[in-house]
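None of these values were measured; they are calculated from a predicted model. Convention: sequence-line order gives letters A, B, ...; per-chain numbering from 1. The figures here come from the full heavy-atom set of this structure, side chains too, leaving out hydrogens, waters and symmetry mates.
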Amino acid sequence: MLNPKKLQLTSFDFETYGLDVYNRKIKIFSYCIGYIENGKIKVIVKKYSGEGKKILHDYLMNPNYVKIAHNMKYELSILKTNKIPFHKDTLWHDTMIESQMLFNTRHSHSLDSIAYDFFGFTRNLDKKFKEFMKAGYTVDKIPADFLYKYQVADGIRPLLIHYLLFPDIYKDRNLRECYYNEIENIKFTQQEEQFGIKLHQENCTAMKKVLMKGLAGLKKYYREDLNLNSSKQLRKLFYEDLKIKPINFTAKGEPSTDKNTIMQLTKESKDPMLLGIIKNRSYSAALANIQKWEILQDRFGIIHPNINTNWARTGRRSCTNPNLYNINSKAALLNLFPVPLRRCFEPRAGFVLLPVDQAQIELRLIIDAAQEMEVIAYLLDDPDRDLHHLTVECFSMKKIFNFIGDDIFNEGVKIAKNLKINNPKLYSTMRSAYKNTGFAIGYGAGLEKLAQILNKKPNEIYIGYNNFVKRLPKIASFSKDTTAHIEEHGGIKTAFGRFLHVDPAKAYSGANYLIQGTAAEIHKRGQVRCFKFFEKNKFSKWMHINLDIYDENVFETHKSLLKSSEFPAIKNHLSKLMENLDRIKIPLKCEWQIAENNWNEKKDLAI
DNA sequence: ATCATCACG
DNA sequence: ACGTACGTGATGATG
């Protein structure tokens, strides 16, 4: 029996039916609670009705029961949407997070996969359960004796896994700190998902209309039976019918028809037939996106994505169903037919969206990790300085310089400076073009790849590239240096002391793991600190994060709060929570913007 | 299921 | 032996 007076570890899992958590259509059918008695694992399995309901409620309100779940965000969301109270001081553990933290490159972190690999725990029950689901059964229709066995297994496994993995996390102070932040981040993320983001109905309709018209207008360029979405048919059209000489190839060695290839081809001739293919891809994908969102919205027009807080091997977050992390925003160098889909999202009535992003965070972290002293000094001198200006300087030099401060070097610096003053528009275009250069070189991009990113030919950027490498040699050798480290240690520690394994066959991606992993940790710690600030001051109703993307948090904020006299202080404090972390020595900088009508139309926040 | 493609950072 | 920017999710076509 569970002892209500004694602190003890328990596992906890629901069986539910219905779909779509945040539409409140999920009902709890039954649950299991695992615990340990006299060195043996025991499992309580109950239906969520009558006496079973009361037992669960008592269990949830008792903070002596430490609750171990596998993917606790799901359990949390069920509790909250069903308005079932639980003790605010509950200690939670999540075995999925434990597995992700210790074995970031594992092929799967599902409960059955881990328990099988670590304990040889049978997966037959899971196989059968999946068969029932595939056949359209819901948990209430599954034979009771089978479901009982399945739930017992679900009570045992989290306890086994926690006992095996948690000590390795706990004994390392850094890892422990990261782990506790992950648990807090799940609480934040659950709330973020529940808030969700509102679809702008009128803009969705208007954009669909434009997209359909654009797609219909393309038909005249092609034979009627050509399927523009078929790369096989396009391959035939390009390389057999039009007799174009292949320049790029796919991973499997077939001649490629991707956007990059088409853009290279159109440099010779602006054939509408070629450009139309890019337009078709851009427009049809956008249309499919909007249609999917319209299906997924709840009855208030809100989209609730599923955000995996620690899914990626780098420790980054990821987003599914729908993925709101890859929405087309604005025109860019490599985006010929942009569809500003962020127009389809709006603040709730009475609110505005305040997107806040970490300025140039990846480049800043590379500079810090590579210890590129000239740039560190440049930044410490004034944290607001723009690092991309240095890149523009390098690419403004007429020849490869011999030493820093020689005539060639100084002239480049002067050209960049004058351009910034005299032609801000051209400067801005150039700056955003070269924005990706710094960290692409840091991650190991070569001349060819860089030319592709900049939409130029290798010989056009040869001088600039060489000047960058010569001026910032630590950034240029960062990828190589990190690769050597990976080959020796099998992985890399982030600035927070969290070890990330790296696939030995791709040791050269180590630089990326280090930077993405560190940035992700900064992002997730900032979210937890903001979340706690809102909870403590009880105004998450008026201001909350309802969406985030890698280095950006979107604060949905009530207009009355925005206009209040206390807002500047709140904004200032939140910035500090996101910027100031003991482990990060390089200055970070948050940039606030405001979007009043929709997520796409935004400007700098003047407050 | 796998491939090719493309959006984000 | 060589030299690579990276890691995500969604979609439609294909075998």
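Between A:Tyr513 atom OH and C:dC6 atom C1' the separation is 8 Å, expressed in whole Å. Distance, A:Leu228 CG to C:dG12 P: 14 Å, rounded to whole Å. Here the C1' atom of nucleotide C:dA1 and the OH atom of A:Tyr508 are 16 Å apart, to the nearest Å. With rounding to whole Å, A:Gln452 atom CD is found 11 Å from C:dC6 atom P. As rounded to whole Å, 13 Å separates atom C1' of C:dT4 from atom CG of A:Asp503. In this structure, the OH atom of A:Tyr283 is 19 Å from the P atom of C:dG12, given to the nearest Å. To the nearest angstrom, P of C:dC6 lies 16 Å from CD1 of A:Ile492. Across the protein-nucleic acid pair, A:Gln291 atom CD and C:dT11 atom P stand 11 Å apart, rounded to whole Å.
Between A:Glu521 and A:Arg583 there is no salt bridge, since none of the side-chain N atoms of the basic residue sits less than 4.0 Å from a carboxylate O of the acidic one.
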Dot-bracket for DNA chain C: what is it, with Watson-Crick or G-U pairs under 3.5 Å, [ ] where a pair crosses earlier ones, and | for a pair to another strand? .....|||||||||.
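Residue A:Gly446 is classed as a sugar-phosphate contact, given heavy-atom separations below 4.0 Å to backbone atoms only. Using a 4.0 Å heavy-atom cutoff across all strands shown, A:Asn436 reaches no nucleic acid atom at all. Residue-level contact check: A:Arg317 touches neither bases nor backbone, having no heavy atom under 4.0 Å from any strand. Contacts of A:Ala312 with the nucleic acid, taken as non-hydrogen atoms under 4.0 Å apart, involve only primed sugar atoms and P, OP1 or OP2. Backbone-only contact: A:Asn227 has heavy atoms under 4.0 Å from sugar-phosphate atoms and none from a base.
For A:Lys449, no side-chain nitrogen or oxygen approaches OP1 or OP2 of C:dC6 to under 4.0 Å. Applying the 4.0 Å criterion to OP1 and OP2 of C:dT4, one finds that A:Lys480 has every side-chain N and O outside that range. Taking side-chain N and O atoms only, A:Ser318 has a distance below 4.0 Å to OP1 or OP2 of C:dG9. Between A:Lys232 and C:dG15, a side-chain N or O to OP1/OP2 separation shorter than 4.0 Å is present. OP1 or OP2 of C:dG9 lies within a sub-4.0 Å distance of a side-chain N or O belonging to A:Trp311.
Distance from the side chain of A:Asn321 is smallest to C:dA10 among C:dA5, C:dG7, C:dA10. Side-chain atoms of A:Asn229 lie closest to C:dG12 of the nucleotides C:dG12, C:dG9, C:dT14.
Residues meeting the side-chain contact (heavy atoms from CB on, under 4.5 Å) test with A:Asp604, sequence neighbours left out: A:Gln593.
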Which nucleotides of nucleotides 3-9 of chain B have their base under 4.0 Å from a protein heavy atom (B), which only their sugar-phosphate (S), and which neither (-), written as one string 5' to 3'? SSSSBBB
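The same atom, C1', is picked in C:dA5 and in B:dC8; the two are 16 Å apart, to the nearest Å.
Ring orientation note: the planes of A:Phe555 and A:Trp592 are close to parallel, at an angle under 30° on the 30°/60° scale. Note: A:Tyr283 and A:Phe337 have perpendicular aromatic rings, judged against thresholds of 30 and 60 degrees for the angle between ring planes.
In this structure, the side chain of A:Asn203 engages the main chain of A:Arg343 through a donor-acceptor pair within 3.5 Å. With hydrogens and angles ignored, the 3.5 Å screen pairs a side-chain donor or acceptor of A:His70 with a backbone N or O of A:Leu111.
A donor and an acceptor atom, one from each side chain of A:Gln527 and A:Arg317, are located under 3.5 Å apart. A:Asn467 and A:Glu393 share no donor-acceptor pair across their side chains, judged by distance under 3.5 Å alone. When only modelled atom types and interatomic distance are considered, A:Gln297 and A:Gln201 share a side-chain donor-acceptor pair under 3.5 Å.
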Residue pair A:Thr261, A:Asn248: steps toward the side chain to side chain donor-acceptor pair (under 3.5 Å) verdict: CA-CA 6 Å; A:Thr261 307; A:Asn248 294 324; 3.0 Å; yes
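A pairwise comparison of heavy atoms in A:Ala286 and A:Leu211 identifies CB-CD1, 3.8 Å as the closest pair.
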